[in-house]
A.B. asks: 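My questions will all concern the structure given below.
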Amino acid sequence: MHHSDICIAGAGIIGLSLALELHRRGLSVTVFDQAQPLGEASTAAAGMLAASDPDNPAPLRKLADLSLSLYFEFLDRLHAHSGIAVPFHTSQTLQSQISSSSDTLSREALGRILPQLTPRNHHFTLLDEHSLDPRNLAAAVLAAVRATTIDLQPNTKVLSTRSIDDSVEVHTTQGIFHAAKFVNCTGAWATHSTLAPSTTIAPRKGQMLAIAIPPTLSLPLVVRTHGMYIVPRTTGPNKGRAIIGATIEDAGFDKIVHPADIAHLRALAADLLPALADAPQLEVWAGLRPSTPDELPFLGPSPDHRNQFVSAGHYRNGILLAPATAHVMAQMISNQPTAIDLADYSPARVLTSSAIAH
Ligand code: GLY
C-alpha cells in the first residue's frame with residue numbers, strides 16, 4: 001500500500017513549492033500530475049513579481065508582500081538543492097497608471113530611463129519590481145524536487161478522494177494512494193477534477209509572443225500598461241529576447257494561438273517602443289491562468305472534506321505567490337499559526353458581487 005504524510009495533486013509551481021516546503025519540515029510527500037510537471041501555467045508565465053500591479057485586487061497585497069520577503073531565501077534554497085541559479089532579469093518596471101499622480105514620471109525622467117519609449121498619453125511610474133525566467137525557475141524547482149525523496153508521479157491523474165477517519169484515500173489512474181492529508185494544487189483544473197466542488201476556478205487564456213530585441217534598443221526593465229507588458233530576458237540562454245503579453249480570454253481549455261491576437265499585442269508594444277515593430281518573432285504560445293471570481297487564490301481547508309486542502313487559483317501571480325503560498329499552506333497543514341491572516345483567501349469565503357472582478 002502506498003502511504004505518504006501528504007499527497008498533492010498538481011505538479012505546477014504551487015504544488016512543487018509546497019512539496020519542497022513540507023519535505024523540509026520532515027514530511028513524506030507524493031505529488032501527482034495528470035501530465036508533465038510544470039507543463040502548464042508555471043512555464044507559460046512571463047515571470048514578473050508584480051506585487052504592485054494596479055490591476056491586482058487589494059487583498060492580494062499581504063500575500064504578495066510575504067512572498068517578496070521570502071523570495072531571495074526561496075531561490076537560494078533552490079540553488080543549494082538543484083545547483084541551478086535563478087537570477088533576476090530586471091529590477092524595475094515602468095508601470096502605466098490610469099491617471100497622473102505625484103509619482104508620475106516627467107517626460108524628461110522617462111527619456112533618461114528609456115530613451116526609445118514613446119509614452120503617448122500614458123502616465124508612467126517606476127516600480128522597484130523584479131522579474132525572472134519561469135522556465136529557469138521550473139528547471140531549478142524540478143531538479144530540487146528530484147534531489148529529495150519527494151515521490152513525483154507524472155502522467156497520474158487524481159480521479160477522486162475520500163476522507164476516511166484520519167486519512168485520505170486518493171484514487172488515481174495509477175491506483176489508490178493513502179495520505180494523512182491531501183492538497184489540491186491543480187490550478188485551472190482544480191474545479192474540473194471535482195476535488196473541491198465548492199470552489200470555482202476557471203481557465204483564463206493568455207496568448208504571448210517572444211521577440212528578439214533589436215541591437216539598437218537597450219531594454220533593461222519591464223514596461224507594463226493595463227493591457228500589455230514587455231519583459232526582457234537580460235541573462236542566461238534566453239538573453240536578448242523579450243516576452244510580450246498577454247491576452248485575457250475566457251476560452252475554456254483552448255490554447256490555440258491566433259496570429260491576429262499576436263499581431264495586436266505586437267502593435268501595442270510597438271506603439272510604445274517602435275523598435276519592436278519589425279523585431280524577429282521567436283516563439284508564440286498560450287497559457288491557462290487559474291482564475292477565481294474575485295481573482296484571489298483559494299488557500300485553506302476544503303469546506304467539504306476532512307484533512308483535504310485547496311491551494312489553487314493564483315490567476316496572474318502564481319510565480320510571485322509560490323513561496324508565500326508554500327509557507328502558509330505548510331504552516332496550516334502542520335497545525336501551526338500562519339504568518340498572515342488567510343481569511344481573504346478562504347475556500348469557504350462568500351463571494352459577494354462587489355468582490356467579483358468580472
Ligand atoms: N502574469 C502575467 C499574466 O497573467 O499575463
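For clarity, every value in this text was computed on a predicted model and none was experimentally measured. Atoms within a ligand are numbered from 1 in the order they appear, just like the ligands themselves.
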A.B. asks: Any salt bridge between Arg316 and Asp53, counting N to O under 4.0 Å?
C.D. replies: no
A.B. asks: In terms of ring plane angle, is the pair His2 and Phe177 parallel, tilted or perpendicular, where the classes change at 30° and 60°?
C.D. replies: parallel
A.B. asks: Mind checking whether Phe74 and Tyr71 have parallel, tilted or perpendicular rings, split at 30° and 60°?
C.D. replies: perpendicular
A.B. asks: Do me a favour and list the nearest non-hydrogen protein atom to atom 4 (O) of ligand 1 with residue, atom name and distance?
C.D. replies: Arg289 NE, 2.6 Å
A.B. asks: Give the contacting part of Ala246 toward ligand 1: side chain, backbone, both or neither, where contact means a heavy-atom distance below 4.0 Å.
C.D. replies: side chain
A.B. asks: Checking a contact table here: which protein heavy atom is nearest atom 2 (C) of ligand 1, and how many Å away?
C.D. replies: Tyr229 OH, 3.3 Å
A.B. asks: Does any N or O of ligand 1 fall below 3.5 Å from an N or O anywhere on Arg316, backbone included?
C.D. replies: yes
A.B. asks: Output, in order, the C-alpha distance, side-chain angles, deciding distance and verdict of side chain to side chain contact (heavy atoms under 4.5 Å, CB included) for Arg25 and Ser334.
C.D. replies: CA-CA 9 Å; Arg25 290 162 176 256; Ser334 312; 3.7 Å; yes
